[in-house]
Structure formats: structure tokens, C-alpha cells
> 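Would you mind keeping the following structure in view while I ask a few things?
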There are 2 protein chains.
Amino acid sequence: MPRSTSSPSPKGSPVTLAMVARRAGVSPQTVSNAINSPELLRPETLERVRGAIDEMGYRPSRAAQTLRTRSSKLIGYGIQPTPGGDTAPVMDRFLHALSQAADEAGYRMLLFACPPGGPSLEGYEELLGRHEVDGFVLSNTARQDPRQAWLAKRGVPFVGFGRMWSGRQIGDWADVDGASGTDAAVEHLVALGHRRIAFLGWPRGSGVGDDRAGGWQRAMRRHGLPTRGRRAESAGDVEAARIAVKPLLDAGATAVVAASDMLALGCYHALRERNAVPGRDVAVVGFDDSPIAGILSPSLSTVAQPLEAVGRECVRLLLARMADPAAPPERVLLEPSLVIRDSAPAPGSDTPAP
Amino acid sequence: MPRSTSSPSPKGSPVTLAMVARRAGVSPQTVSNAINSPELLRPETLERVRGAIDEMGYRPSRAAQTLRTRSSKLIGYGIQPTPGGDTAPVMDRFLHALSQAADEAGYRMLLFACPPGGPSLEGYEELLGRHEVDGFVLSNTARQDPRQAWLAKRGVPFVGFGRMWSGRQIGDWADVDGASGTDAAVEHLVALGHRRIAFLGWPRGSGVGDDRAGGWQRAMRRHGLPTRGRRAESAGDVEAARIAVKPLLDAGATAVVAASDMLALGCYHALRERNAVPGRDVAVVGFDDSPIAGILSPSLSTVAQPLEAVGRECVRLLLARMADPAAPPERVLLEPSLVIRDSAPAPGSDTPAP
DNA sequence: TAGTGTCTTTGGATCGATCTAATGCTGAGA
DNA sequence: TCTCAGCATTAGATCGATCCAAAGACACTA
């Protein structure tokens with residue numbers, strides 16, 4: 001009985017191409033061809049070589065392949081130290097999606113630590129200089145982010161999770177259409193009968209924030225609803241949001257679309273303060289579908305980002321770029337989806353218990 | 001003016017050891033020595049070689065090093081697909097800590113996707129067979145986890161985040177002393193004057209859960225406080241926890257120690273139901289210091305895991321194991337810390353506003 | 001001057017795969 | 001019978017660093 005691939009040898013596998021070749025009675029090159037260009041071999045030879053390969057549990061050494069082909073099959077990702085706690089809750093899902101998609105394409109993700117306070121280029125440079133990676137996935141792309149231009153200048157394949165928010169677009173990216181998400185939120189609220197729909201966002205100037213605000217505004221206009229006096233901004237934490245949303249409630253808003261679940265939570269606190277219940281008295285829709293959304297009480301309706309799809313797209317775009325560095329850039333905007341929970345329930349459903 | 005290291009060459013760096021050697025007028029081996037064993041070189045030679053190295057922006061090729069030295073300087077980490085939402089919120093912090101510690105030691109983290117539903121060995125086998133990694137960091141170590149034994153059997157260096165919960169201990173690990181955390185929580189509550197302190201945990205049999213329950217019990221005994229009828233269990237989500245905690249409250253508990261922030265949140269809901277305010281009417285302490293803890297209102301006192309330290313320890317233990325495979329196993333138990341917020345405030349502080 | 005030892009430096013082989021170009025083999029056509 | 005495609009296979013060089021053992025430089029003694 002031939003040893004199965006699942007137990008090649010007790011201690012690692014010092015099985016080399018040459019050993020397999022000797023066993024199968026062919027040259028090393030033929031074994032290599034059996035793996036990389038099987039169509040070159042005569043069927044019977046192929047079978048014989050394949051037999052030897054899995055009898056011996058052979059696996060090509062990545063190091064040798066990397067050295068020869070000049071491709072490490074590694075994708076670099078600079079992980080940042082919990083930036084602000086807002087985009088963080090979803091990052092591990094994104095990382096998993098990336099790893100999964102990369103694995104399926106025969107690549108792997110290489111993590112490196114980015115120092116806090118804006119991504120520096122140092123880590124990227126080091127990885128490149130030593131030919132450790134074939135390309136990069138960037139995330140937390142900020143305004144004035146220097147990475148895209150820097151990488152593009154030296155012809156390094158990369159893809160961004162998030163478009164460029166200032167200057168012209170550089171390179172490929174995949175992003176979530178925030179405007180579409182808040183637009184859908186407004187649509188949902190209008191269907192629930194709301195007309196005084198407010199928006200609680202971040203200060204203008206943040207790309208992501210302006211995008212999300214834009215969707216709200218667009219949908220409001222479409223329905224002929226006024227937006228003046230229905231928008232508030234809050235920079236910091238939940239507490240700041242609680243205060244910022246007050247004027248909106250005072251002005252009689254019956255629904256609030258928030259640019260993040262954190263902001264929506266601030267809204268919850270403001271409502272509780274006046275003994276109002278989210279979803280019963282004032283509808284609230286958040287953004288991100290962070291873990292807290294389903295946990296809050298009442299549970300928070302929110303716009304969910306399709307992170308798995310973003311991960312897949314990032315890998316797809318990156319591989320395409322590596323395959324053809326001269327191809328025109330490709331940009332993908334993915335649709336988020338509204339997750340309906342109790343804070344803005346489905347039309348016709350009962351009022352949630354507080 | 002010599003080119004600085006920060007801009008080696010426009011397109012990657014095809015600079016090789018041999019090129020540097022020619023430039024410096026020495027043999028390739030000498031350049032290698034200049035990097036790896038500088039003490040072998042005559043000071044003036046060393047300086048000359050070093051000059052050439054950074055004039056040309058030379059960086060050794062990792063692939064070639066890996067091939068020759070049989071060490072990839074990569075550490076594998078199988079990332080799991082958001083397991084249950086409970087340990088997840090902290091995983092990205094842990095990953096960052098790992099990356100950071102690894103980077104500082106000249107290693108990098110290699111991510112690969114573990115399929116959902118218990119870690120399979122496939123991914124580990126693949127990585128090993130191709131000599132892609134020098135060792136592994138395991139996390140989410142479960143009961144009956146097969147990975148440790150499997151890796152140990154083939155002499156692969158690894159370290160676990162989390163001890164073995166069944167059978168004998170295998171290999172090195174770093175873990176957080178959960179018992180110590182809940183013990184400290186009880187101490188804090190006792191100092192606040194509480195005596196009827198309940199524990200809301202997971203069903204017995206989960207290692208982590210029993211550990212945390214043990215700390216509560218130990219501290220209660222130490223203070224001569226009864227534990228009978230003061231313990232409840234909940235398996236699932238927040239809703240289940242809300243129901244599970246009711247009997248404890250009915251029995252007059254004035255404080256609840258929860259095995260996780262999720263469970264603590266269930267407790268919040270149960271309290272709100274009876275118009276009681278956490279921290280004012282009943283003290284609550286969570287576990288994990290997940291992002292929601294600081295966000296809830298009132299904010300949740302909770303036991304924080306020193307994830308950065310765990311990451312550092314994991315890397316340290318792993319490197320030690322690789323340096324000496326025969327050394328006796330080393331196990332590190334790290335102290336968590338109590339983060340005091342409004343749900344169980346500091347003694348003498350004002351009652352928090354609801 | 002030759003001999004011995006230390007201290008630097010070097011040549012050549014090596015890790016394990018893939019590249020290029022060349023080989024042996026077969027059968028069709030002249 | 002001989003040539004010449006066309007296919008299957010192979011030999012040898014190569015990627016870029018590090019290992020080992022041996023050679024050169026140098027001072028210092030006998």
C-alpha cells in the first residue's frame with residue numbers, strides 16, 4: 001500500500017525533485033513538467049511520475065521555486081494597531097477573507113506590523129528589497145496616503161481596499177459603495193413612513209464619511225425631502241455622538257441614519273436619555289454591521305459591508321495586475337446590504353419590545 | 001553623494017551579493033560575512049564592504065537565504081472564520097501584537113485560512129511539506145485539539161495561545177490566567193461592599209469557562225461567601241444570557257461577574273428589563289475588554305487580557321523552542337487586569353448617571 | 001631563513017527547483 | 001535508404017546566498 005499524501009514522512013519532507021525522478025526513472029526536469037506542464041508528457045509517463053510523487057509524498061520546496069521563478073507567491077499586508085476602534089471590528093473578517101481567497105489562488109498572506117500613526121513606507125520597502133512579496137493589499141487608505149503613488153512609481157503590483165479620496169485615482173481598488181448603503185437606508189425608512197430623516201456623520205473631509213453622507217442626501221432629494229438642519233457631525237467617541245445628535249432629535253427627526261454603528265450607539269444613548277426607544281419612537285440605522293449591532297437592545301438595523309466579497313475582489317484584482325502590469329486599472333464598487341433589525345424594522349412588523 | 005538606503009533603485013533591487021563583492025573588491029563570501037559575522041572581518045574591510053552595501057542599496061534575497069539555510073523566518077498562523085463572535089473581537093489586536101513581535105525578531109507572520117468548524121490539519125501539513133514556515137502559533141485551542149500532538153510528533157516547533165484543556169500538556173504555551181481575573185473582579189466587588197456576588201458563565205466543560213468560574217469560586221471562599229445558588233450558565237447569545245441571569249437576580253445578587261462581555265451584556269438587558277441600572281443597582285463585571293465594554297452605557301468594568309504581552313511571549317517561546325528543540329517545555333501564565341468603569345466603579349466614586 | 005601559528009580572505013560546492021537548448025526517438029515523405 | 005518534421009525527454013546552467021575547507025598574509029619565534 002502506497003503511503004498516502006497525508007502522511008509523507010515523520011519529520012518534514014526532505015523529498016526532492018531529484019529523488020522522485022530517480023524513483024520514477026526519469027530526469028528531474030520531467031518531474032517538474034509533470035507538475036507544471038503535464039500536457040508535455042506522454043500519458044503513461046505522467047502516470048508513472050505522478051505515482052512516484054504521491055508515493056513519496058513529494059511537495060516542491062517553495063524556497064527553491066521562489067529563487068528560480070522570482071515569485072514568492074506571497075501577498076503583503078501591513079496590519080495597523082487598531083486604528084481608532086471604528087473600522088477595527090471588521091478587520092479580522094477581512095483578513096480571513098483575504099487569506100481564503102489568496103489560498104485558493106495558490107498565494108498566501110504575509111503580515112507585517114505597520115507602526116501606529118499613519119502607515120510608513122519602511123515596511124513596504126523592506127519587504128520589496130528582499131523580494132519577499134509579489135504584491136500588496138492596502139487598507140485603511142487615508143487621505144494623502146503616500147503608499148499608492150510610491151508603489152506605482154516602482155511598478156509594484158498592489159490593490160487598495162478603499163478608493164483614493166484625494167487627487168487622482170492610482171492603481172486598482174475594490175471598495176464598498178457607502179452612498180448606496182445610506183441611500184438604501186433612507187429608502188427603507190421612507191417605506192416605513194418616515195419623512196424627517198436625519199444624518200449623523202463625521203466632520204466633512206473624510207472620504208468615507210462624505211461618501212456615506214452623499215447617499216443620504218441623494219435619496220432625500222429624490223424623495224423631495226429637505227436636508228437642511230437634518231445633518232450633524234461628531235468626530236470622536238460615542239459620548240460625542242450622543243451630544244451631537246441632540247439637535248437633530250430636538251428638530252423633530254423621526255429617524256436617524258448614522259455613518260457608523262458607533263455613532264448609532266451614541267444616538268441610542270441620546271434616545272434613552274429622553275426615555276425614547278430606538279425603533280419604536282425614533283428609527284435608527286447604523287453602518288458596518290459590527291458585532292455590537294446584533295447585540296444591542298433593541299438590535300440595530302445597519303448597513304453591512306460585503307467583506308468576503310471585498311477580499312475576493314482584492315485578490316482577483318491583484319492577480320490580474322501581476323499578470324498584466326500594463327492593463328488599464330480596474331476599480332470595483334461593491335454593494336453593501338441593509339441588515340434589518342429592530343431599530344428600523346421591516347415595514348408592517350410589530351413594534352419591538354423595548 | 002551616495003544613494004541612501006531609502007531609495008535603492010527604481011525597480012526593485014536586482015543587486016546581488018556578487019555585485020556588491022565586485023564593487024568592494026572582495027569575494028562574495030566576505031560580503032556575506034560582513035553581514036552575518038562582522039567580527040571576522042578586518043575593520044577597514046568591513047567598512048569598505050558596508051559602504052558598498054548601502055551605496056548599492058543591497059538587501060539579501062530571502063528566497064536564496066531560505067533555500068540555503070533551510071529556514072524561512074516565517075511563522076504560520078491559521079486564521080479562523082470568526083469563531084462564535086466571542087473571542088473574535090480581540091483577535092486583530094493579538095495578530096498585530098504577534099506581527100510586531102515577530103518583525104522585531106526578524107521573523108514574519110504567514111497567514112493561512114483555516115476552514116470553519118474546528119481546525120483541520122491540512123493547512124499545517126501543506127505549509128510544512130513545502131517548508132514554508134519554521135513554526136506555528138496556534139490559537140483558539142479547543143478541547144481535544146489535535147494540532148499540538150500532531151505537530152509535536154513530527155518535531156515541528158509551535159506555541160499555543162491557550163493551554164491544553166484536556167489530557168496532558170503538550171509543548172509550550174502562553175495563556176491568560178482567567179481565574180486570576182475573576183478573582184480580582186470579586187476582590188474589587190467585595191471592596192465595594194458586595195457580598196452576594198453571582199457568576200454568569202458558560203456550561204461546564206469548556207476549559208476557559210471553568211477556569212474563569214474557578215477564580216470566582218476561589219475568591220468567594222476566601223471571603224467566606226457562599227457560592228451555592230449564585231452561579232448560572234448560558235451557552236448561546238446575549239438573549240440566552242439575559243434569561244439565564246434572571247434567577248441570580250431573583251435570588252438577590254447585588255453583583256454579577258460574567259465570563260465574557262457578551263454575557264455581561266445579557267445581564268445589562270435583564271437589568272434594564274426590571275428598570276435597574278448596572279453599577280447603581282447591581283454591579284456587573286465582564287471579561288475580555290472587547291470594544292463594546294467602553295461603549296456601553298453605563299460603561300462596563302471588565303477584565304482585560306494583556307494581548308500585546310501574550311503576542312510577545314508567544315514569539316519568544318517559539319523562538320526559544322526553535323533554538324533548542326530539546327529544552328523542557330515552558331509555559332507562561334499572564335495576569336489580566338481589571339479595567340474599572342461605571343458598571344462596577346472604583347470604591348468611593350459617585351454612582352454613575354444612568 | 002625556515003617554521004609555526006593566528007587572523008583574513010577566498011574558491012568551489014551546495015540548497016532544490018526551473019530555464020534554455022539540445023538530444024533521442026518515431027514515422028512520413030522523397 | 002535517407003532526410004526532416006514533430007514529439008517526448010534530458011543535460012547543464014542558473015537563481016543568490018551560505019557552507020566547508022583550504023589558501024594567503026602576516027608576525028613572531030627558533
> Measuring from the side chain of A/Pro60 (C-beta onward, heavy atoms only), which nucleotide among C/dA17, C/dC15, C/dT18 has the closest atom?
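Of the candidates, C/dA17 comes closest.
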
> Can A/Glu126 and B/Arg59 be counted as an ion pair, charged N to O under 4.0 angstrom?
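Yes.
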
> Output yes when at least one side-chain N/O atom of B/Arg70 is less than 4.0 Å from OP1 or OP2 of D/dT18, else no.
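No, outside the criterion.
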
> Take B/Gln100 and B/Arg312 through the side chain to side chain donor-acceptor pair (under 3.5 Å) test and state the conclusion after the steps.
CA-CA 8 Å; B/Gln100 176 117 29; B/Arg312 275 198 307 275; over 6 Å; no

> Applying a 4.0 Å non-hydrogen cut-off, can you work out what A/Thr30 is touching in the nucleic acid: base, sugar-phosphate, or nothing?
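Base, at least one base heavy atom under 4.0 Å.
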
> How do B/Glu39 and A/Ala64 order along DNA chain C: which one's closest nucleotide is nearer the 5' end?
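Residue closer to the 5' terminus by nearest nucleotide: B/Glu39.
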
> Could you tell me whether A/Thr66 contacts a base, only the sugar-phosphate backbone, or nothing, with contacts defined as non-hydrogen atoms closer than 4.0 Å?
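Contact class for A/Thr66: none.
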
> Rounding to a whole Å, what distance do you find between B/Leu40:CG and C/dT9:P?
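About 9 Å, once rounded to whole Å.
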
> CD of A/Gln29 versus C1' of C/dT23: gap in Å, rounded?
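Rounded to the whole Å, the gap is 14 Å.
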
> Could one point to a donor on the side chain of B/Arg42 or the base of C/dT8 with an acceptor on the other under 3.5 Å away?
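A donor-acceptor contact between them is absent.
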
> Whether B/Ser32 contacts D/dT18 is assessed here as follows: a side-chain N or O lying under 4.0 Å from the phosphate OP1 or OP2. Is that the case?
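Yes, such a contact exists.
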
> Output the rounded distance in Å from CZ (B/Arg130) to C1' (C/dG16).
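One finds 12 Å between C1' of C/dG16 and CZ of B/Arg130, rounded.
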
> Base, sugar-phosphate alone, or nothing: which one does B/Val31 contact when heavy atoms must sit under 4.0 Å apart?
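Nothing, no nucleic acid heavy atom in range.
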
> Of B/Leu67 and B/Thr45, whose closest DNA chain C nucleotide lies nearer the 5' terminus?
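Closer to the 5' end of DNA chain C: B/Thr45.
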
> CZ of B/Arg50 to CD1 of B/Ile53: how many Å apart, nearest 0.5 Å?
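Answer rounded to 0.5 Å: 7.5 Å.
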
> How many angstroms lie between CZ in A/Arg147 and CZ in A/Phe158, if you round to the nearest 0.5 Å?
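So the CZ of A/Arg147 and the CZ of A/Phe158 are separated by 10.0 Å.
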
> From CZ of B/Arg68 over to C1' of D/dT18, roughly how many Å is that when rounded to an integer?
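Interatomic distance, CZ of B/Arg68 to C1' of D/dT18: 5 Å.
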
> Between C1' on D/dA17 and CE on B/Met19, what's the gap in Å once rounded to a whole number?
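Value for this atom pair: 15 Å.
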
> OP1, OP2 of C/dT8 versus side-chain N and O of B/Asn33: anything below 4.0 Å?
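Negative; the distance criterion is not met.
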
> Over how many whole Å does the gap from A/Arg48 atom CZ to D/dA8 atom C1' extend?
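Distance, rounded to whole Å: 12 Å.
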
> Using atom CD of A/Glu44 as one end and atom P of D/dC7 as the other, report the distance to the nearest whole Å.
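Taking CD of A/Glu44 and P of D/dC7, I get 17 Å after rounding.
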
> Which whole-number value in Å describes the distance from A/Arg22 CZ to C/dA17 P?
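Answer to the nearest Å: 12 Å.
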
> Which nucleotide sits closest to the side chain of B/Ser27: C/dT10, D/dT18, C/dG16?
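The listed nucleotide nearest to B/Ser27's side chain is C/dT10.
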
> According to the interplanar angle, ranging from 0 to 90°, do the rings of B/Phe112 and B/Phe136 count as parallel (below 30°), tilted (30 to 60°) or perpendicular (above 60°)?
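Geometry flag for B/Phe136 against B/Phe112: perpendicular rings.
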
